[in-house]
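Data first, discussion second: the structure below is written as structure tokens.
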Number of protein chains: 2
Amino acid sequence: MDKRKAAILRAVVDDYVQFAEPVGSSHLARVGGIQVSPATIRNEMNLLEHEGYLTQPHTSAGRIPTDKGYRYYVDTFVGDTDDSDITQFKSVDEFFTNAHGALAAMFSDTSRLLTNLTNYAAVVTGPSPETILIRSIQLVSLDPKKVLLLIVDSKGAVEKKILELASEIDESDLDLVSNILTKKLRGHPIGSECVPESTGNLPVDLLCATALESLKEFQGETESVYIEGASKVANAFDAVDTVRRVLATLEQHFLVVSLIRDVLSKGQKVAIGAELGIEPLAECSVVVSPYIVEGEQLGSIGLVGPTRMNYPKVLAAVNLVSTGLGKRLSEG
Amino acid sequence: MDKRKAAILRAVVDDYVQFAEPVGSSHLARVGGIQVSPATIRNEMNLLEHEGYLTQPHTSAGRIPTDKGYRYYVDTFVGDTDDSDITQFKSVDEFFTNAHGALAAMFSDTSRLLTNLTNYAAVVTGPSPETILIRSIQLVSLDPKKVLLLIVDSKGAVEKKILELASEIDESDLDLVSNILTKKLRGHPIGSECVPESTGNLPVDLLCATALESLKEFQGETESVYIEGASKVANAFDAVDTVRRVLATLEQHFLVVSLIRDVLSKGQKVAIGAELGIEPLAECSVVVSPYIVEGEQLGSIGLVGPTRMNYPKVLAAVNLVSTGLGKRLSEG
DNA sequence: GTTAGCACTCGATAGAATGGAGTGCCAAGA
DNA sequence: TCTTGGCACTCCATTCTATCGAGTGCTAAC
């Protein structure tokens, strides 16, 4: 395998990965960064084909890589990962420094349960931030510059997050701040605004501010929606573009949430086709139900499937799961 | 809307929901439970169409329900949910009486992170049961016949489950049993077999047995796999049957797990197409990486996409996430 | 070793022919 | 008046054919 052949193989893989179309010799000469004529490329491609790296879907088509071709590509060219690839993943770090909520697990499991029962896509929306009240706030030292922020809420659930500090902080100050914050925020909803107050003690004020800042971020997290089983729509529709259209819409979580809210606010349990008012979901229906915790409607669950869905079965499942979830959360 | 027309509408909806084919008059006369001739059904269908409940995809096809037709069906016939529908959902109860693991949330969130980074399907396999050791077992009374079983494991994670008892149990016996079980099981893996021993005290022995029985069930739960973003394959392939084939395979979790294990055991990070050895995934590739917790390989993460995937990007993402997960879990 | 030229291949696309499921309507029967 | 068998009609789905063109392999010239 000489250098030019390798370059051609690489260009074919790159191009095919991007466009999913067989790659022709003249196309490659134009855009592939290979500085020889199409005829030369054809000769090389021919060799590459005989060596098993490329193949043709049919005689008069361009080439696509074989498994062997991909294998060579991976073994030879991957590892050159330039940093630009890495930096676009900066969110990863952030993700792993934040622990995730306890309620979240319940909701996503519930969503999964519902999708398994019905074979349609299931949605569970968490409580809106206003309905969850803070009971107490604790700061726990992990190491001198790392503090674990714990929020115990009125449902007894615990949300936690790791704070990175700019400077070291004294153990005793942690308790102080915990007390200040708890006093200040007890009984307030988790996402509420709060202005830090000066105590005249700089490190304490600083920590207070950091903690309050980070508390704000929970607002976004608690206004939550869990969609599972989206892939089930692939079974519900024959046309692949319908499948894609519906999947794309389901990914817009805010749309799904407001859809469910709309249906519920009309006092309905079922919305059908055009009733949804969302063009891409014209061939879908939605079945919803709120779940009630301690007499209060905390959130809702819903189900998205094709208009030709099995309504009796789905309604039964949605009702069952919403009562189940309500009861479970009431127990605390 | 007279009774017969309603019956016909209902039959059309039922049939169309099941078979997704326009429903013809003679078909309905044969199997729809309507005891009149096709001609009569045709007349009725014609009326239903003019009233907006049915429509024809084209002149010489059968009828399918309109949104209005589904609406009438739901408003009129649903609620007759017979019990047989409900009883098939008995798993729901079971689901809500069992709290779910703390690690589980981490794994499924991680899986979701990875699928969002790459736009392919992501897999995270949890630690095998043997590597998680029991540290202590606590029983807490919820009400006289309900006991909460808590297992604290060597990673500090807490698994819990609610036990329903046949008869009431004394508070003091709970502590006794907690101690017996902790002594017996401390240092053992969570899924290990254990024979109850007689203490001569009947209620205690009974509780012991119940608890041990329920401990066994954690084995299945901890041998866990979290697959997110399966729906992304709809974007990766044009052919709808390829999409369905791949989705169906991804649903067989044990297959996916053993696939990932195979690749790792060969010391590879990438498996391509036929290398996977799974016919329905012949057009897929897999990128895997173990994650290391305290020097020990606890589990693995993987990514399933089309062979024509963006390998450099995916490899970077998988590496990043696996180190992130390992670090995060090491912190405990 | 590289390149232009050229005949050739074969899938993709469009258009025409065929078959059949299902309809609407009518007239006869209950 | 309601129901039913008969029948002409419609129009999609399927099959077949013809055409087009992207891309190839080969050859001969550079």
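Note on naming: letters A, B, ... go to the chains in the order of the sequence lines (proteins, then strands), and numbering restarts at 1 for each one.
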Nearest heavy-atom neighbours spanning A/V246 and A/C284: CG2-SG, 3.9 Å
Looking at residues at least two apart in the chain, or sitting in another chain, which of them share a side chain to side chain donor-acceptor pair (under 3.5 Å) with [X]?
X: B/T307; value: none
X: A/T40; value: A/S37
X: A/R245; value: A/E283

Per the salt bridge (Lys or Arg N to Asp or Glu O under 4.0 Å) rule, what does the pair list look like for residues 266-281 of chain B, sequence neighbours excluded? A/R71-B/E275
Pairs meeting criterion salt bridge (Lys or Arg N to Asp or Glu O under 4.0 Å) with involvement of residues 50-64 of chain B, two or more places apart: B/K5-B/E51, B/E49-B/R63
[X] [atom1] to [N] [atom2], straight-line distance once rounded to whole Å:
X: A/K5; N: C/dT2; atom1: NZ; atom2: P; value: 12 Å
X: A/H27; N: D/dG21; atom1: NE2; atom2: C1'; value: 17 Å
X: A/R63; N: D/dA22; atom1: CZ; atom2: C1'; value: 13 Å
X: B/L28; N: C/dA21; atom1: CG; atom2: C1'; value: 15 Å
X: B/E49; N: C/dG22; atom1: CD; atom2: P; value: 15 Å
X: B/I64; N: C/dT23; atom1: CD1; atom2: P; value: 13 Å
X: A/D2; N: C/dG1; atom1: CG; atom2: C1'; value: 12 Å
X: A/H50; N: D/dT24; atom1: NE2; atom2: P; value: 14 Å

Is a donor on one side and an acceptor on the other found under 3.5 Å between the side chain of B/S289 and the backbone of B/V318? no
Could you identify which residues of residues 11-24 of chain A place a heavy atom less than 4.0 Å from some atom of DNA chain C, listed by residue number, or say none? none
Expected list for residues 20-33 of chain A: side-chain donor-acceptor pairs under 3.5 angstrom, two or more places apart:
| from | atom 1 | to | atom 2 | distance (Å) |
| --- | --- | --- | --- | --- |
| A/S25 | OG | A/R42 | NH1 | 3.3 |
| A/H27 | NE2 | A/D15 | OD1 | 3.4 |
| A/H27 | NE2 | A/D15 | OD2 | 3.0 |

Under 3.5 Å donor-acceptor pairs involving side-chain atoms of residues 231-242 of chain B, not counting sequence neighbours:
| from | atom 1 | to | atom 2 | distance (Å) |
| --- | --- | --- | --- | --- |
| B/K232 | NZ | B/T115 | O | 3.3 |
| B/K232 | NZ | B/T115 | OG1 | 3.2 |

Salt bridge (Lys or Arg N to Asp or Glu O under 4.0 Å) filter on B/R4, not counting sequence neighbours, yields B/E44
Among residues two or more places apart or on two chains, list those pairs meeting ring-ring contact (aromatic ring centres under 6.0 Å, His included) that have a residue in residues 33-74 of chain B. A/Y311-B/Y70, B/Y53-B/Y72, B/Y73-B/F77
Base, backbone or nothing for each nucleotide of nucleotides 3-19 of chain D, written B, S, -, heavy atoms under 4.0 angstrom, 5' to 3'? SBBB---BBS-------
So if I take the C1' atoms of five pairs at each end of the helix from C/dG1-D/dC30 to C/dA30-D/dT1 and get each local axis, what angle do the two axes make, rounded to 10 degrees? 30°
